[in-house]
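The next block holds one structure in the form of structure tokens; read it before the comments.
Order of the sequence lines fixes the chain letters, A, B, ..., with proteins taken first and strands second; residue numbering starts at 1 for each chain.
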Amino acid sequence: MHDTLTDAAAPVEKPRYDFRLAEARWQQAWAERACFRVADVPDGTQSKYYVLEMFPYPSGKIHMGHVRNYTLGDVVARYKRARGHAVLHPMGWDAFGLPAENAARERGIHPAEWTWSNIATMRAELRRMGLSLDWEREFATCDPAYYGQQQRIFLDLLRAGLAERRESWVNWDPVDGTVLANEQVIDGRGWRSGALVEKKRLSQWFLRITHYAPDLLAALDGMERWPARVRQMQANWIGRSEGAEIRFPLAAPEAAIEAVEVYSTRPDTLFGMSFLAIAPDHPLAAAVAGRDAAAAAFIAECRRLGTSEATIEAAEKRGYDTRLRVRHPFLPETSFPVWIANFVLMEYGTGAIFGCPAHDQRDIEFARRYSLPVLPVVLPPGDDALAFTARMDGSDRAYDGPGTIIHSGFLDGMDANEAKRAAIAELERRGAGRGVVNWRLRDWGVSRQRYWGCPIPVIHCPACGVVPVPDAELPVRLPDDVRFDRPGNPLDDHPSWKHVACPGCGGAAERETDTFDTFVDSAWYFARFCSPKAARPLDRAAVDHWMPVDQYIGGIEHAILHLLYARFFTRAMRDTFYLDVAEPFAGLFTQGMVTHESYRDPDGRWLYPEEVERRADGSAAHRETGAPVTIGRVEAMSKSRRNTVDPGAIIDRYGADTARWFILSDNPPERDMEWTEAGVTGAFRFTQRLFRLAEAAAEIPPSPRPEMFGPPALTLRRAAHRAIAQVTEALEGFAFNVAVARIYELASALAEAERADPAATGLGWARREGAEMLARLASPMMPHLAEEILARLHPGSAVLAAELPWPEAEPALVAAQAVTIAVQVMGKLRGTIEMPPDAAEAVVIAAAASEPNVARLLEGRRVVKRVHVPNRIVNFVLGG
RNA sequence: GCCCGCCUGGCGGAAUGGCAGACGCAGCGGACUUAAAAUCCGCAGCCCGAAGGGCAUGGGGGUUCGAGUCCCCCGGCGGGCACCA
């Protein structure tokens, strides 16, 4: 069906736009004229604008998500350039990461070779999209020229105390011999090896993101050009909570431990306590386990179950009674049992809680299982104390709402919030605790036991400890000769790489063999783009000029990790004097996903869209075998469901402008879009229509601008200048689908003018103007076609659409010469009247009242109010 | 469980509190054609109808001369966080 669209044998009746020749030609013209190149430190007076799309991981080929991302960014870049800004619009490669190592293990290709070959493929595909990129700034993070600079920054963070080495619990895959991220643990097993993951204590490098937690949270408030949703997600992730740290003295010290510190957001419920629980990893638990084999067994069991979400979901509250007891800060005579509990996390707060079962769901589940007391101390508003207490007795639902404090000594009668303050004040007075702010955010563990990453530039010396690699010896390069046929980190396995002399004492020492988490690479690349060739990580003048990124564009999936790391790293770089901004991205836009129908054959196998033929009745069949095909849900494109469409094939068949136009026109860019064959062919038809309309206008000989315009010419000019105003407004607001709609309207107006009497005054000039405005307004979206049209309108001219300023609308033409005013009676539309703009109120109301249908309804009725909104509406309100 | 979005024709969607459905896709009718494709021009929310009415933006209330838009309640869908103390 769609083969006819590009079938060379099909009869061609009218001049047809040959996108294949044109796109290549204009891409070359832009390159020759270096239209998109900017200096690291421009000397001009142009204001700067930095547009950046999240750089791609070179996985093999580009996908539609890339096409959407880079098209959106390119529209912004081209538009801002036309508005007179010097636009920095770079591209690079997030090139370190696990898939390259997997390719090495599975296919015997070296990670570097695999990566660079993917980059070559993807670069060629991106170039075919006609993106207005400054390709001279391109870099890949796996290049020592990049990661060596990253090592310098790290060493400065280390000197500034923002990086440190410490022991922590990690997910350890005993088969692969490596640490796994939480995301790589599936149902308690390693995602690659399938081995049961163990919790293990390892020395790891941490970046102190928690140092900036208060600022990272507070600054979110001022970030008006970020989506509220992303700010909210970051705020949740940082997770500030206010509460109290409370000291519970042990009745008898255990292995020199005299007290347990507890964090609680509910100090108002202290009198409802019935036990104290500590995490299995708590030092006190370890002390108990040292003399109590049953406790040790319980702790080991908790550890074995791990921390994956699935196991947490399934796990019941389990505990072990240590037989230890703690004293209550407000009730010195009373003591409570200390349990080790599997639901208490060492990572949050102090790794210990006081259990108040009546008002905490987890605590009540635990209390019911082990028959611990449940003492209600917060009375719900309007409830009766006796009735409530009776109801809680035997209940397994905690009450965590607001209320009045009961059974709580000096707190009795207070509102819960009031009681929190009073309890903290009393704790502080007695020296038993204090009010604290607690954060959910954890320091960023960046050590990975991987080969294909940036080496962490330190040396471990038995005599000197951790020694930074001296600046002169940077970069610490990855060795090329590594083996992937054994599990574990190839760097660790390398015969010679790690053996070095200590820079301090000259003795035998070993390199750190861990490499950085790849999120470190992407935490500062945007700043490096300002001076990609600089000998230092950043050129101060360049970053001062270009940073922050004015518009950053990418997927919502990076709402937390990447964007938070980048915000942190920028602050850390500021505090080590690399630049002078705190926020890297002044504006953030998160695009929706590209989705597609999925297809299955009768055997349930997934089919690619190109294997499937849609029929007119809505059913689908296999293109070759004719077998019926089940149409599945519309969902995100993924290789496993085979519902992907290859951008390269689309560009081959329809051209880059068509792909760009469809991806922009379908729906608002922040929402998920559905890729459909019908949508692409529709976009393709429009490129042809636009070309035909412009071609016809270009055949009209140029003439000086007429003094006068007849009615059809004036109508077209009004449409053109209204389109300028409306497209501009739409582009400013990221409403690209609306901009597209306005361009369709202008195309229709031009088509209508084509049918008017060609002798009409000024019509030829107006048609040429209309065609030119169509091209220029569409140029951010369809840059090649815009150049082609402009070249035909002005043969022999070397001016490029990419270099033209944005058109200005003539106000006289944008202003309406007549307005349609809606006339309502009692708020219901009863008619419309045509009036000159800004007519006097009395005139408008008189005209409205005499509109026949309205006059009929007003007949014999008393009008108590006349509402008049100039140029919009008249509303008659009738009495009684 | 907590937090945040979203809900408008057959579909994607448009609409500073002021004519709901711009524009596109699919559909229907017409022109061109021997015919088809392509192209071009029209029509098109639902119901009753002659004029003209009535009902319509998930459901129910409210504010207002006037609500898709603002407020409250309910429902559905999607997302984020989560044994977080």
Side-chain angles (χ1 to χ4, degrees), chain A residues 1 4-5 7 10-14 16 227-237 239 241 243-244 262-266 269 277 279 307 309 312-313 315-317 341-345 347-356 359-363 365-366 400 438-440 556 559-560 616 618 662 665-668 670-674 676 678-679 681-683 685-686 688-689 692 726 730 735 737-745 747-748 751-752 754-755 820-832 853 856 864-878:
Chain A
M1 183 187 90
T4 53
L5 287 169
D7 185 350
V12 177
E13 285 146 33
K14 291 187 179 178
R16 172 170 289 192
R229 183 155 72 116
V230 174
R231 286 188 283 161
Q232 177 80 43
M233 283 162 69
Q234 292 216 347
N236 287 345
W237 186 266
S241 76
V262 159
Y263 173 75
S264 172
T265 55
R266 295 296 303 272
T269 63
T307 53
E309 259 180 64
I312 286 164
E313 211 65 46
E316 343 161 54
K317 307 282 176 289
N342 66 344
F343 67 93
V344 181
L345 308 174
E347 295 81 39
Y348 188 79
T350 59
I353 62 157
F354 77 81
C356 174
H359 305 291
D360 183 285
Q361 189 55 34
R362 290 160 311 197
D363 295 351
E365 284 169 30
F366 191 78
D400 55 10
N438 200 35
W439 303 87
R440 204 191 74 95
I556 187 82
I560 295 173
F662 171 51
S665 65
D666 190 56
N667 65 352
E670 68 275 15
R671 295 194 206 165
D672 289 353
M673 75 164 292
E674 186 186 351
T676 61
T681 55
R685 279 198 300 270
F686 184 67
Q688 296 293 332
R689 175 173 148 91
R692 267 193 311 274
Q726 290 172 328
N737 56 323
V738 179
V740 163
R742 300 307 167 215
I743 288 169
Y744 273 112
E745 282 172 346
S748 293
E752 201 171 324
E754 217 170 57
R755 296 192 299 276
T820 307
I821 294 175
V823 184
Q824 298 180 340
V825 179
M826 297 296 282
K828 277 196 189 297
L829 180 73
R830 296 301 176 181
T832 57
N853 199 41
R856 192 172 56 78
V864 298
K865 191 170 180 182
R866 293 167 183 84
V867 179
H868 174 233
V869 180
N871 300 329
R872 289 208 179 267
I873 208 161
V874 171
N875 187 15
F876 294 102
V877 184
L878 303 179

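Comparing the same atom, P, in rA35(B) and in rG54(B) gives a spacing of 47 Å after rounding to whole Å. Across rG9(B) and rC4(B), the matching C1' atoms stand 29 Å from one another, rounded to whole Å.
Contact between the side-chain N/O atoms of Y744(A) and the OP1/OP2 oxygens of rG24(B) is not found at any separation under 4.0 Å. Here R689(A) reaches the OP1 or OP2 of rC40(B): one of its side-chain N or O atoms lies under 4.0 Å away. The phosphate of rG54(B) (OP1 or OP2) has a side-chain N or O of R830(A) nearer than 4.0 angstrom.
Residue V262(A) is out of contact with every strand shown, counting any heavy-atom pair closer than 4.0 Å. The residue N438(A) sits apart from the nucleic acid: no heavy atom pair falls under 4.0 Å. Contacts of R229(A) with the nucleic acid, taken as non-hydrogen atoms under 4.0 Å apart, involve only primed sugar atoms and P, OP1 or OP2.
A straight line from CZ of F343(A) to C1' of rA82(B) spans 15 Å, rounded to a whole angstrom. Residue L345(A) contributes atom CG, which lies 16 Å from atom P of rC81(B) at whole-angstrom precision.
Looking at which nucleotide of RNA chain B each of I353(A) and F876(A) is closest to, the 5′-most match is held by F876(A).
Contact record, T832(A) with T820(A): CB-CG2, 3.8 Å, taken as the closest heavy-atom pair.
Side chain of K828(A), nearest nucleotide from rC65(B), rG54(B), rA85(B): rG54(B). Among the nucleotides rA85(B), rG52(B), rA26(B), the one closest to any side-chain atom of R685(A) is rA26(B). Here the nucleotide nearest the side chain of Q232(A), chosen from rG53(B), rA85(B), rC4(B), is rC4(B). The Y348(A) side chain lies nearest to rC84(B) when the options are rC84(B), rG79(B), rC23(B).
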Can you tabulate the close N/O pairs, meaning under 3.5 Å, that link protein atoms to atoms of nucleotides 43-50 of chain B?
none

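Taking 90° from 0 as the syn/anti boundary, the base of rG54(B) is oriented anti.
Y263(A) meets the ring-ring contact (aromatic ring centres under 6.0 Å, His included) test with no other residue; sequence neighbours excluded.
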- Message: How would you summarise protein contacts on nucleotides 12-21 of chain B per nucleotide, using B for base, S for sugar-phosphate only and - for none, with heavy-atom distances below 4.0 Å?
- Response: SSS-B-BB--
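Here E674(A) contributes atom CD and N667(A) contributes atom CG; the two are 10.0 Å apart, rounded to the nearest 0.5 Å.
Across all strands shown, rG1(B) is found opposite rC81(B) as a Watson-Crick or G-U wobble partner, with both distances under 3.5 Å.
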